[in-house]
2 protein chains.
Amino acid sequence: MQLTRQSEYAIRTMLELAALPYGELLSSKVISQRQDIPEDFLKKTVHLLSLGGLVSTQRGTQGGVRLAKAAEQITLAHIVAAIEGPIAINPCLAPGYFCPNQVTCPVSPILARAQAALLAELNKQTLADLVKQA
Amino acid sequence: MQLTRQSEYAIRTMLELAALPYGELLSSKVISQRQDIPEDFLKKTVHLLSLGGLVSTQRGTQGGVRLAKAAEQITLAHIVAAIEGPIAINPCLAPGYFCPNQVTCPVSPILARAQAALLAELNKQTLADLVKQA
DNA sequence: GTTAAAGTTGATATTTTTTATCCACATTAA
DNA sequence: TTAATGTGGATAAAAAATATCAACTTTAAC
Ligand code: FES
Ligand code: FES
């Protein structure tokens, strides 16, 4: 019932990027040093963020990572989903999975509501809001 | 970000018990057969529920497990907490842990709110409500 | 009293997931 | 041309979750 450490790495990375002037690049190496995250592991994390469309990357000398869209359009839920996949507090609630018991299962509606509430909160504030507060 | 299978076992067990006339015993063995849960693993799960004050147990022949309080006073949140400990979607939010960054950390308030929303939903309906629906 | 049914407890094994490391490669700006 | 950087895949190490085993205690039933 916890976020993985990798999600936390991703959040911290996104906060670093969002604090920069929009469009500016920061290398994984620098991020890993500033945030004390294992460099090679962070690289993969950044790659996941990239696949999720949250950051774009630039190879080569002076390359790095930058936000792929405005910080106003990014929320914690987006970041977590990019790393861990769609948030599902129970396998039965994962998209694409149809549980055979679902019709009679009295638990699943409650979990569904709980999950929706969780998600709603994670979407309430944008990355931009977070940076302002810090 | 998921409930463990053990929590699911616990929920299914509690539903079995709540379906019984109040105070009636059911042995771990029978529950494990009905719900297709490894018996020895279920025994430990039941023990956790017992430590959490949700069920009481009776040793010896004809012994078993029964609800320790009315199904109206038990929610999913209680069950999960008995198995996994206090629900914390992030280590920083675990009771007793004081994160040194908490003062400046912009993420923690959001996670705290998300966690509260999750918990509220998990507490909204009682075990008794669930049994009625099934 | 004996016995068999049950919960208790702790050790250990297995499996799965998460985290970390390593390295060969592709791209690109300087 | 070269050094900095992301890409991608393999592998290892660590941690957590799940499962199994076995010796023990309690207790109702006979
Ligand atoms: S068991 Fe799958 S929905 Fe409840
Ligand atoms: S890092 Fe602990 S509260 Fe944010």
Side-chain angles (χ1 to χ4, degrees), chain A residues 1-13 17 24-68 80 82-85 87-91 94, chain B residues 1-13 16-17 24-68 80 82-85 88-91 94:
Chain A
M1 213 49 210
Q2 286 204 345
L3 296 175
T4 63
R5 196 177 309 176
Q6 191 174 24
S7 289
E8 200 195 294
Y9 290 165
I11 294 171
R12 303 220 308 263
T13 297
L17 294 177
E24 191 159 310
L25 290 165
L26 199 58
S27 75
S28 295
K29 188 173 183 184
V30 170
I31 299 173
S32 78
Q33 286 164 352
R34 284 202 204 160
Q35 293 285 339
D36 192 27
I37 300 170
E39 186 179 343
D40 280 315
F41 191 59
L42 178 60
K43 279 188 195 167
K44 309 209 148 167
T45 307
V46 162
H47 191 209
L48 286 176
L49 290 172
S50 164
L51 291 175
L54 299 185
V55 303
S56 64
T57 55
Q58 167 75 50
R59 289 187 179 189
T61 308
Q62 293 297 104
V65 188
R66 81 185 116 210
L67 293 189
V80 173
I83 302 300
E84 305 186 20
I87 291 179
I89 65 179
N90 178 281
Chain B
M1 211 52 209
Q2 287 204 344
L3 295 175
T4 63
R5 194 178 309 176
Q6 190 173 25
S7 289
E8 200 195 294
Y9 290 165
I11 293 172
R12 304 220 307 263
T13 296
E16 279 278 350
L17 293 177
E24 193 159 308
L25 288 166
L26 198 59
S27 75
S28 295
K29 188 174 183 183
V30 170
I31 299 174
S32 78
Q33 286 164 351
R34 285 201 204 164
Q35 294 285 337
D36 191 28
I37 299 171
E39 185 178 344
D40 279 316
F41 192 58
L42 178 60
K43 279 187 198 165
K44 308 208 153 172
T45 307
V46 162
H47 192 211
L48 286 176
L49 290 172
S50 162
L51 292 176
L54 299 185
V55 303
S56 65
T57 55
Q58 167 73 52
R59 290 187 179 189
T61 307
Q62 294 295 105
V65 188
R66 80 185 118 209
L67 293 189
V80 173
I83 303 300
E84 305 185 20
I89 64 179
N90 178 280

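Model, not experiment: these values are computed from the prediction. Protein chains get the first letters and strands the later ones, always in sequence-line order, with residue 1 at the start of each.
- Backbone-only engagement by A/Val65 is indicated by non-hydrogen atom pairs under 4.0 Å involving sugar-phosphate atoms exclusively.
- In this structure, CG on B/Leu48 lies 5.5 Å from CD on B/Gln6, to the nearest 0.5 angstrom.
- Counting any heavy atom pair closer than 4.0 Å across all strands shown, A/Ser28 reaches sugar-phosphate atoms only and no base atom.
- Between D/dA19 and B/Tyr9, a contact under 4.0 Å exists linking OP1 or OP2 to a side-chain N or O.
- At the phosphate of D/dG8, OP1 or OP2 sits under 4.0 Å from a side-chain N or O atom of A/His47.
- B/Arg59 has its CZ atom 9 Å from the C1' atom of C/dA6, to the nearest Å.
- Counting only heavy atoms from C-beta on, A/Thr4 has its side chain closest to C/dT19 among D/dG6, C/dT19, D/dT26.
- Side-chain contact between B/Leu26 and B/Arg34 is present, with heavy atoms from C-beta onward closer than 4.5 Å.
- Rounded to whole Å, the distance from CG on A/Asn90 to P on D/dA17 is 16 Å.
- Of the candidate nucleotides D/dA22, D/dA28, C/dA26, D/dA22 has the atom nearest to the side chain of B/Asp40.
- When rounded to the nearest whole Å, the span between CD of B/Gln2 and C1' of D/dA16 equals 14 Å.
- Listed pair B/Gln58 / C/dA6 fails the phosphate criterion, with no side-chain N or O lying under 4.0 Å from OP1 or OP2.
- If you find the closest nucleotide of DNA chain C to A/Gly60 and to A/Ile37, the one lying nearer the 5' end belongs to A/Ile37.
- Contact check for A/Glu84 versus A/Leu3: side-chain heavy atoms found under the 4.5 Å cut-off.
- Comparing A/Lys43 and B/Thr57 by the nucleotide of DNA chain C whose heavy atom lies nearest to each, the residue mapping closer to the 5' end is B/Thr57.
- Note: CG (A/Leu25) to P (C/dA29) measures 10 Å, nearest angstrom.
- For the pair B/Leu51 CG and C/dG7 P, the interatomic distance rounds to 14 Å; values are reported in whole Å.
- Across C/dA4, D/dA4, C/dT21, the shortest atom-to-atom separation from the side chain of B/Thr61 is found for C/dA4.
- The side chain of A/Gln62 sits closest to D/dT5 out of D/dA3, D/dT5, C/dG7.
- When each of B/Lys44 and A/Arg5 is assigned the nucleotide of DNA chain D with its nearest heavy atom, A/Arg5 is the one assigned upstream, toward the 5' end.
- The interatomic distance linking A/Leu48 (CG) with D/dG8 (P) rounds to 11 Å, in whole Å.
- D/dT5 atom C1' lies 13 Å from atom CD of A/Gln33, rounded to whole Å.
- Residues A/Thr13 and A/Ile37 have side chains in contact (heavy-atom distance under 4.5 Å, counting atoms from C-beta outward).
- Computed from coordinates, the A/Leu49 CG to D/dT7 C1' distance equals 15 Å when rounded to whole Å.
- Using a 4.0 Å cut-off between charged nitrogen and carboxylate oxygen, B/Glu8 and B/Arg12 count as a salt-bridge pair.
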